[in-house]
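Written below as structure tokens is the structure these notes are about.
Lettering of chains follows the sequences in order, A, B, ..., and the numbering in each one begins at 1.
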Number of protein chains: 2
Amino acid sequence: MATSRKRVGIRDVAAAAGLSITTVSWALNGKGEVAPGTRERVQRVARELGYQPNEAARALRTGRSRILGIAVAHRESGPWEQTYLPYYRSVVAGAAIEAVEHGHAVAAIPVSQARGLEVQVPCDGLIVIDPVRDDPILAGCRRRGIPVVVDGRPLDEGFGDVPVVESDIATGMRTVLDHLRAAGAERPALLTGAERDAYTIDTERLFHNWCRRNDLPGTVRRVRAGESPVAAAESLLDRGVDAVHALNETYGNALLAAAGDRGVEVPDRLRITMMGERDPLAPGNGAGYLSLDPVAIGAACVRVLVAHLNGRRPENVTVPCRFIPPGRTPAG
Amino acid sequence: MATSRKRVGIRDVAAAAGLSITTVSWALNGKGEVAPGTRERVQRVARELGYQPNEAARALRTGRSRILGIAVAHRESGPWEQTYLPYYRSVVAGAAIEAVEHGHAVAAIPVSQARGLEVQVPCDGLIVIDPVRDDPILAGCRRRGIPVVVDGRPLDEGFGDVPVVESDIATGMRTVLDHLRAAGAERPALLTGAERDAYTIDTERLFHNWCRRNDLPGTVRRVRAGESPVAAAESLLDRGVDAVHALNETYGNALLAAAGDRGVEVPDRLRITMMGERDPLAPGNGAGYLSLDPVAIGAACVRVLVAHLNGRRPENVTVPCRFIPPGRTPAG
DNA sequence: GTCCGATCCTAAACCGTTTTGGGTCGCGGA
DNA sequence: TCCGCGACCCAAAACGGTTTAGGATCGGAC
């Protein structure tokens with residue numbers, strides 16, 4: 001073993017087969033005109049020598065690295081990790097699985113608020129999740145001319161040409177709120193956050209509109225920065241609401257905890273729904289879940305990006321949410 | 001806008017600055033001897049021109065792509081998705097966050113049982129999760145001479161030299177079982193699976209040993225292939241056990257469901273623990289969790305791999321598990 | 001016999017960097 | 001004056017593939 005220190009390159013294969021490197025390249029990649037017998041022989045020799053093409057060289061020449069970058073925010077603090085990180089993970093997983101169908105791999109590239117992409121890697125296109133205002137990544141990609149798709153409505157003007165993959169939270173919110181109402185809600189509430197991102201703003205707006213349309217009083221409680229979500233949940237329950245939708249799983253769990261503390265039965269006396277992932281097979285906890293279906297979103301991003309790479313005109317996509325109604329409560 | 005169709009390369013910067021490309025490369029990368037004023041000027045020109053180096057070319061020349069591959073299994077079927085996929089996601093997330101500290105990105109590369117890596121990308125090293133017997137990926141990496149680290153004991157002989165990152169389930173299982181005993185268990189049981197992988201085998205062995213050491217009768221129930229986990233859980237409860245540890249979250253959830261069905265209170269009349277992730281902030285469901293801490297494992301894999309890349313002798317690492325004791329049950 | 005197209009193959013250019021091995025210049029010491 | 005030396009910079013050679021442009025061979029049609 002350890003036949004030689006150097007890696008075996010296409011030249012070695014050509015020499016061993018007594019052919020030119022062009023012919024070897026053609027034979028292995030199925031291009032050009034090569035006699036069937038020759039092709040077969042080349043493949044056998046390559047296999048015997050254990051030849052593996054240098055992907056960097058190939059990427060340089062062809063301009064394609066077969067890598068799709070996905071910019072994942074890299075904050076470690078507090079509630080963020082509870083709510084967004086799981087989302088990102090699932091998007092990456094969905095993207096990775098879809099990408100392989102198109103011959104690509106997915107590279108998770110951490111980004112920081114300040115510097116944008118933390119590390120430069122060769123990639124054919126980039127998926128940007130939740131772009132921020134004046135997003136340095138979008139600007140960078142535009143400069144470098146690499147195709148982008150964003151998940152979540154971009155806040156900046158001037159990026160009207162980048163394709164967008166979005167969750168259909170309009171329909172999702174309607175489903176959830178209709179569910180709450182059908183379950184008997186008369187005083188619905190929303191437990192939301194102080195952050196003014198597109199998702200929060202949209203959720204609040206949809207809640208307001210739904211309440212107005214249904215002629216119901218809508219209570220909105222924002223968890224202030226630094227405030228304990230459980231405390232906020234308790235103060236909300238004090239206001240006599242009978243159904244609450246939570247912006248994310250952190251807030252939803254806070255509601256469940258607050259309800260548990262004061263012995264309010266879920267979902268019989270208090271209906272709770274929240275945005276978040278939930279394993280449908282896990283024992284129910286009385287709450288309903290509206291899942292953004294991040295795996296589907298990741299997959300959709302990849303499809304749009306690959307279409308873009310292949311020169312097809314990319315189109316915006318909306319991904320339906322999944323509603324998981326409350327299951328049976330555990331332990332009786 | 002659209003000043004030119006071609007991307008701006010280092011030659012353009014050199015021309016604009018009236019220097020050679022060598023000097024530009026040195027100025028931008030902080031190598032060689034360049035007059036401070038010149039360096040500054042180059043940086044300014046490069047910024048003005050929006051120069052971004054071609055990473056593929058750089059990777060070809062330097063032999064480093066700054067990408068760490070992570071081979072994630074890509075099966076979609078049944079219980080696998082419930083238990084292993086979340087684990088992989090978290091490993092990838094942990095690896096990505098750690099990798100950026102070392103200037104690398106992490107590429108998730110799906111693998112198939114048959115073909116091994118599904119797509120070839122340039123990467124400096126590879127993390128292989130749960131290597132299988134006669135693993136084609138390990139063999140491929142050995143041929144190509146690219147560094148590997150595996151998570152989970154490799155089953156093959158002949159790979160004694162690849163560094164291993166492992167969960168310390170020996171200590172973890174002791175913690176869990178000691179917890180069950182302290183909570184009053186007298187007839188402990190293990191709900192395990194039919195798969196004969198290293199993790200299952202080890203878990204069963206550790207359970208047996210612990211029971212023998214503690215002079216307690218140990219009941220083992222394997223969920224057969226195709227059998228419903230809930231049915232298996234019920235048949236186990238029929239045997240009069242008072243504490244059960246489950247191999248994974250699927251089985252643990254089945255136990256919770258079975259207990260709920262027959263009105264057995266958890267954890268008062270039946271103690272349940274399981275391997276699996278659990279958000280410590282989520283409302284408790286009465287079960288204890290032993291987390292493999294996949295985020296920490298991903299991070300450890302990256303550290304070991306980077307050490308390997310930098311020529312340091314890589315060492316095996318064991319990552320402690322995290323035990324999350326049962327929280328309060330929801331809704332009272 | 002010559003011309004032609006089909007078929008198989010080759011030499012060389014190319015992709016955009018990094019790195020090697022000097023080259024030039026000005027200055028101080030012998 | 002000449003040499004050595006440090007500081008600064010440059011031309012050209014890698015890196016390892018893919019692709020282009022073209023050369024050789026051969027059978028068949030005229």
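Once you apply a 4.0 Å limit to the heavy atoms of chain A, the touched nucleotides of DNA chain C run 5' to 3' over dC8(C) to dG16(C).
The shortest distance between side-chain heavy atoms of S25(B) and I10(B) falls below 4.5 Å. V128(B) places none of its side-chain heavy atoms less than 4.5 Å from the side chain of V149(B).
Rounded to whole Å, atom C1' of dC15(D) lies 4 Å from atom CG of L60(B). Summarising the geometry, the separation between CZ on R64(B) and P on dC15(D) is reported as 17 Å, rounded to the nearest angstrom. Atom CD1 in I21(B) sits about 11 Å away from atom P in dA12(D), given to the nearest Å. A straight line from CD of E33(A) to C1' of dA24(D) spans 15 Å, rounded to a whole angstrom. If you measure from atom CD1 of I10(A) to atom C1' of dT18(D), you get 8 Å, rounded to the nearest angstrom. Atom CD of Q52(A) is separated from atom P of dG17(D) by 11 Å (rounded to the nearest Å). Rounded to whole Å, the distance from CH2 on W26(A) to P on dG17(D) is 17 Å. With rounding to whole Å, R11(B) atom CZ is found 15 Å from dC10(D) atom P.
Side-chain N/O atoms of T22(B) include none lying less than 4.0 angstrom from OP1 or OP2 on dC9(D). Side-chain N/O atoms of K31(A) include none lying less than 4.0 angstrom from OP1 or OP2 on dT18(D).
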Subject >> side-chain contact (heavy atoms from CB on, under 4.5 Å) evaluation trace for L28(B) with V42(B) >> reply: CA-CA 7 Å; L28(B) 295 179; V42(B) 169; 3.9 Å; yes
**OP:** Show your reasoning for whether side-chain contact (heavy atoms from CB on, under 4.5 Å) applies to N316(A) and T318(A).
**Re:** CA-CA 7 Å; N316(A) 292 354; T318(A) 66; over 6 Å; no
Original post:
After noting the C-alpha distance and the side-chain angles of V295(A) and R89(B), does the key distance pass the side-chain contact (heavy atoms from CB on, under 4.5 Å) rule?
Top reply: CA-CA 11 Å; V295(A) 171; R89(B) 284 178 200 169; 3.7 Å; yes
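Between E48(B) and R44(B) a salt bridge is recorded (basic side-chain N to carboxylate O distance below 4.0 Å). The existence of a salt bridge linking R66(B) and E55(B) is confirmed by a sub-4.0 Å separation between a basic side-chain nitrogen and an acidic carboxylate oxygen.
Using a 4.0 Å heavy-atom distance criterion, S20(A) is classed as a base contact.
Along DNA chain D, the nucleotide closest to A57(B) and the one closest to R39(B) are compared, and the more 5′ of them pairs with R39(B). Toward the 5′ end of DNA chain C lies the nearest nucleotide of T38(A), the other residue of the pair T38(A) and N29(B) mapping further downstream.
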